[in-house]
Number of protein chains: 2
Amino acid sequence: MFQIDYIEIIGLIAATCTTAAFLPQVYKTWKTKDVAGLSLPMVLMLFIGVALWLLYGFLMKSISIIIANSITIISIFLLVYFKIKHHKK
Amino acid sequence: MFQIDYIEIIGLIAATCTTAAFLPQVYKTWKTKDVAGLSLPMVLMLFIGVALWLLYGFLMKSISIIIANSITIISIFLLVYFKIKHHKK
C-alpha cells in the first residue's frame with residue numbers, strides 16, 4: 001500500500017524536524033501546567049485540521065503525513081487533557 | 001501541473017484549520033514582543049522541517065502542502081525577526 005522512495009525519505013525527515021520542534025512545547029506545558037495561553041476554540045480547530053491532514057495522508061498514501069499528524073494528534077489530546085485537568089482545580 | 005480533486009479539497013481545509021490555529025500565536029508574539037519561550041535551535045529545526053515539507057509538497061504535487069508550509073515559513077521568518085529585534089534592545 002505504501003512505498004518508501006526518496007520523496008518519502010524527504011517527507012520523513014521533514015516530519016521528524018517539525019514534530020521534534022513541537023514536542024518541547026507539549027513537555028513544557030506538562031511541566032509548568034500553564035495552559036492559560038491555550039484557548040479551546042483554537043485547540044479544537046487545530047484538532048479538526050490535524051484530523052483532516054491524517055485523512056489526507058491516507059488518501060494520498062503518504063506515510064510521512066500519516067506519521068507526523070498521528071504524533072501531533074496525540075500531543076493535542078495531551079494538551080486538552082492538561083487543560084481540562086488544570087481547569088478543574 | 002496541479003490538480004484540485006476531492007482529496008486536495010480535504011487537504012486545503014486541513015491547511016486552513018492548522019494555519020488558522022497557528023497564526024494567533026504569531027500575532028500574540030508580535031503584540032507582546034515576548035520571544036523568551038522561543039529557542040533558536042528549536043526555531044531553526046522548525047524552519048528546516050517546514051522547508052523540507054515545502055520540497056515534499058512540490059515533489060508530491062500537493063498544492064495543500066505547498067500552501068500550508070508557505071504560510072508557516074513566512075510566520076517563522078516573522079518570529080525569527082521578532083527574536084533578533086527583541087534581542088538587540
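Everything quoted here is computed from the prediction, not taken from an experiment.
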Side chain to side chain contact (heavy atoms under 4.5 Å, CB included) involving Ser64(B) - partner list, sequence neighbours excluded:
Trp53(A), Tyr56(A), Glu8(B), Leu12(B), Ser62(B)

Less than 4.5 Å to any heavy atom of chain B: does that hold for the side chain of Tyr6(A), its backbone, both, or neither?
side chain

To the nearest 0.5 angstrom, please state how far the CE atom of Met45(B) sits from the OG1 atom of Thr19(A).
9.5 Å

So, the part of Ile65(B) with a heavy atom under 4.5 Å from chain A: the answer is both

Option that, when pairs with chain B are counted at under 4.5 Å, heavy atom only, ranks first among Ala51(A), Ala14(A), Ala21(A), Gly49(A):
Ala14(A)

In terms of heavy-atom pairs under 4.5 Å, which option from Pro41(B), Cys17(B), Ala15(B) contacts chain A the most?
Cys17(B)

State the CG-CE distance between Leu23(B) and Met42(A), to the nearest 0.5 angstrom.
11.0 Å

From the options Ile13(A), Thr16(A), Thr18(A), select the one residue that forms a side chain to side chain contact (heavy atoms under 4.5 Å, CB included) with Leu52(B).
Ile13(A)

